[in-house]
Amino acid sequence: MENDYDLVFEEGVVAPVDGADIKAACDLVLAEEGVARPCMVSVSVVSDGRMRELNLEWRGQDRATDVLSLECERPDDPDLAPGEPCELGDIVLAPAYIAQQAPGFGTTARDEFRLLLVHGMLHLLGYDHLEDAEAELMEAREDQLLLKMKTDQPLDHVTLTRHREGGDA
């Protein structure tokens with residue numbers, strides 16, 4: 001069975017990559033992480049204003065951010081029947097915010113969007129970056145995954161400083 005994606009684009013908001021690229025990036029992460037069970041993932045592309053509302057609602061932070069990940073189920077959940085799809089969760093991305101921060105990290109808006117999509121998928125699969133050791137593991141995994149993706153330019157080592165200072169994602 002294939003993974004199932006619900007792609008939602010807020011009216012007037014355009015992602016820097018198309019839906020096929022979003023699905024391919026998510027499929028790559030799931031395959032490389034060894035997830036054999038079909039997964040359902042919602043990916044929403046929203047305005048900075050909507051992202052601010054969601055960040056306040058879910059994280060208590062009254063400001064926009066680049067990505068939010070809302071986990072539902074884990075693929076290795078023993079309560080899921082064999083072959084039953086896993087409702088992995090939701091990823092919300094704010095492309096205007098992402099495009100604004102991209103030059104500061106030496107990336108294009110498309111590559112920053114791809115990175116944050118991978119970042120969000122890894123969060124749904126249980127990765128985190130609250131502790132230094134966790135952050136190093138997550139950064140290394142992102143590096144490995146991005147090397148397997150189509151990007152606009154070769155990407156330097158991923159650093160999560162964009163998330164550590166503000167506690168995002």
Side-chain angles (χ1 to χ4, degrees), residues 1-10 13-46 50-51 54 58 65-99 101-102 105 107-129 134-160 162-163 168-169:
M1 282 193 274
E2 293 183 13
N3 297 310
D4 183 24
Y5 298 103
D6 182 20
L7 305 182
V8 178
F9 298 84
E10 184 179 332
V13 178
V14 178
V17 301
D18 66 20
D21 286 339
I22 291 171
K23 291 175 183 179
C26 294
D27 280 341
L28 175 81
V29 173
L30 291 169
E32 291 294 319
E33 285 295 301
V35 177
R37 176 184 302 281
C39 291
M40 297 179 292
V41 180
S42 171
V43 179
S44 298
V45 179
V46 302
R50 181 67 181 132
M51 180 62 92
L54 292 170
W58 290 99
T65 189
D66 47 17
V67 62
L68 289 173
S69 303
L70 307 168
E71 181 183 331
C72 291
E73 297 176 322
R74 292 275 175 90
D76 59 356
D77 184 336
D79 292 335
L80 293 174
E84 179 182 354
C86 167
E87 188 177 344
L88 199 59
D90 305 311
I91 299 171
V92 184
L93 297 137
Y97 191 101
I98 291 167
Q101 78 181 12
F105 293 107
T107 63
T108 66
R110 284 190 303 267
D111 284 348
E112 188 74 1
F113 189 92
R114 289 177 183 115
L115 161 63
L116 292 165
L117 181 58
V118 168
H119 184 84
M121 284 294 292
L122 289 177
H123 271 305
L124 295 183
L125 292 169
Y127 285 80
D128 213 336
H129 48 79
E134 292 174 333
E136 288 172 13
L137 179 67
M138 190 169 186
E139 290 166 0
R141 192 63 181 132
E142 287 175 348
D143 284 342
Q144 294 164 352
L145 292 166
L146 289 166
L147 285 173
K148 296 176 182 260
M149 295 178 65
K150 174 187 81 172
T151 57
D152 293 341
Q153 61 193 27
L155 299 178
D156 291 332
H157 170 65
V158 172
T159 58
L160 301 179
R162 47 174 80 66
H163 299 288
D168 286 352

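Since the structure is predicted, the reported quantities are computational estimates derived from the model, not experimental observations.
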Hey, mind stepping through Lys23 and Leu7 against side-chain contact (heavy atoms from CB on, under 4.5 Å) and telling me if it holds? CA-CA 9 Å; Lys23 291 175 183 179; Leu7 305 182; 3.8 Å; yes
Would you sort out whether His123 and Met138 count as a side-chain contact (heavy atoms from CB on, under 4.5 Å), showing the intermediate values? CA-CA 9 Å; His123 271 305; Met138 190 169 186; 3.7 Å; yes
Output, in order, the C-alpha distance, side-chain angles, deciding distance and verdict of side-chain contact (heavy atoms from CB on, under 4.5 Å) for Leu70 and Ile91. CA-CA 6 Å; Leu70 307 168; Ile91 299 171; over 6 Å; no
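Annotation: side chain of Met121 is in contact with side chain of Val41 (closest heavy-atom distance under 4.5 Å). Side-chain contact between Val13 and Phe9 is absent, with no heavy-atom pair separated by less than 4.5 Å. When side chains are defined from C-beta on, Leu30 counts as touching Leu88, because their heavy atoms get closer than 4.5 Å. Taking 4.5 Å as the limit, every side-chain heavy atom of Glu32 sits out of range of all side-chain heavy atoms of Gln144. The shortest side-chain heavy-atom distance between Leu115 and Phe113 does not fall under the 4.5 Å cut-off. A 4.5 Å side-chain heavy-atom check between Tyr127 and Glu134 finds every atom pair outside the cut-off.
Closest heavy-atom contact between Met40 and Pro85: CE-CB, 4.3 Å. The two residues Asn3 and Cys39 make their nearest non-hydrogen contact at OD1-N, 2.8 Å. When all heavy atoms are compared, the tightest approach of Leu93 to Pro95 is O-CD, 3.4 Å. The two residues Leu124 and Ser69 come nearest to each other via the heavy atoms CD2-CB, 4.1 Å. When all heavy atoms of Met51 and Asp66 are compared, the closest pair comes out as CE-O, 3.5 Å.
Under the side chain to side chain contact (heavy atoms under 4.5 Å, CB included) criterion, Ser44 pairs with Val8, Ser42, Val46, Val92, not counting sequence neighbours. Evaluation of the side chain to side chain contact (heavy atoms under 4.5 Å, CB included) rule for Leu80 yields Arg37, Glu73, Asp77, Glu84, Cys86 as partners, not counting sequence neighbours. Partners of Asp152 according to the salt bridge (charged side-chain N to carboxylate O under 4.0 Å, His left out) rule, which considers only residues two or more places apart in sequence or in another chain, are Arg110, Arg114. The side chain to side chain donor-acceptor pair (under 3.5 Å) search around Glu71 returns Arg74, not counting sequence neighbours. When the salt bridge (charged side-chain N to carboxylate O under 4.0 Å, His left out) test is applied to Glu33, the partners found at least two apart in sequence or on another chain are Arg141.
Side chain of Tyr5 to backbone of Asp27: a donor-acceptor contact under 3.5 angstrom is found.
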What pairs of donor and acceptor atoms, side-chain ones from residues 14-22 against any protein atom, are under 3.5 angstrom apart with sequence neighbours left out?
{"from": "Asp18", "atom 1": "OD1", "to": "Ala20", "atom 2": "N", "distance (Å)": "3.2"}
{"from": "Asp18", "atom 1": "OD1", "to": "Asp21", "atom 2": "N", "distance (Å)": "2.8"}

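From Asp90, atom CG reaches atom CH2 of Trp58 across 8.0 Å, with rounding to the nearest 0.5 Å. Remark: Leu146 CG to Leu28 CG distance equals 9.0 Å, nearest 0.5 Å. Within the model, atoms CG of Leu145 and CG of Leu122 stand 6.0 Å from one another, a figure rounded to the nearest 0.5 Å.
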